[in-house]
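As the structure is a computational prediction, the values presented were derived from the model and not from experiment. Residues take their numbers from the sequence shown, with the count starting at 1.
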Amino acid sequence: CPPCPGFPTEPPPATERTVLDNLKRLVEAGELYAQGEEHRAAGRVGPALECFTRAAECSPGSSTALLAKRAIDRLFAGVYRPVVGGAEET
């Protein structure tokens, strides 16, 4: 069905968001972060990464975005280990 007149088809830019828009985005970010934690705890790295990334993008600059970015760092810390002098560090 075509979009209703007067309703935007894309979310408004950050400068045009209302307080209610920002609150909805914070709630969504929190839900995505919680889903990411569930996936991480179950060992599903791919879905966890997607949820954490979306949570960070949903409300940039928020404490939830910071938590999501830290969770992404922890995910990658378990996958990638630094290599120094051609030998893997332990």
Side-chain angles (χ1 to χ4, degrees):
C1 115
C4 297
F7 286 93
T9 56
E10 295 182 15
T15 55
E16 296 179 16
R17 289 189 196 123
T18 66
V19 172
L20 186 56
D21 291 334
N22 288 333
L23 181 59
K24 287 178 183 177
R25 291 173 70 89
L26 281 171
V27 169
E28 182 180 355
E31 291 170 354
L32 287 165
Y33 178 81
Q35 289 174 6
E37 282 296 330
E38 289 175 12
H39 287 303
R40 183 199 55 76
R44 296 185 297 265
V45 175
L49 180 60
E50 182 178 344
C51 287
F52 291 141
T53 301
R54 289 178 55 206
E57 292 171 349
C58 198
S59 59
S62 70
S63 59
T64 303
L66 178 62
L67 287 172
K69 289 177 182 179
R70 287 181 180 166
I72 291 169
D73 290 344
R74 285 193 312 271
L75 278 176
F76 281 111
V79 175
Y80 296 104
R81 301 196 189 281
V83 176
V84 177
E88 188 174 311
E89 284 189 359
T90 56

In Å, rounded to the nearest 0.5 Å, how long is the span from [atom1] of [X] to [atom2] of [Y]?
| X | Y | atom1 | atom2 | answer |
| --- | --- | --- | --- | --- |
| Tyr33 | Arg70 | OH | CZ | 9.5 Å |
| His39 | Glu50 | NE2 | CD | 8.0 Å |
| Glu38 | Cys51 | CD | SG | 9.0 Å |

Open item on the list: Ignoring hydrogens, what is the shortest heavy-atom contact between Phe52 and Ala68? Give both atom names and the distance.
Closed with: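 The pair with the smallest heavy-atom distance is O-CB, 3.3 Å.
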Task: Which atom of Gly36 lies closest to which atom of Ala48, heavy atoms considered - done: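 Closest approach of Gly36 to Ala48: O-CB, 3.5 Å.
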Open item on the list: With a 4.0 Å cut-off on N to O distance, would you call Arg25 and Glu28 a salt bridge?
Closed with: no
Which donor-acceptor pairs under 3.5 Å do side chains of residues 60-67 form with protein atoms, sequence neighbours excluded?
residue : atom : partner : partner atom : Å
Ser62   : OG   : Ser59   : O            : 2.8
Ser62   : OG   : Ser59   : OG           : 2.8
Ser62   : OG   : Thr64   : N            : 3.4
Ser62   : OG   : Ala65   : N            : 3.1

TODO: Step by step, work out the salt bridge (charged side-chain N to carboxylate O under 4.0 Å, His left out) result for Glu57 and Arg54.
DONE: CA-CA 5 Å; Glu57 292 171 349; Arg54 289 178 55 206; over 6 Å; no
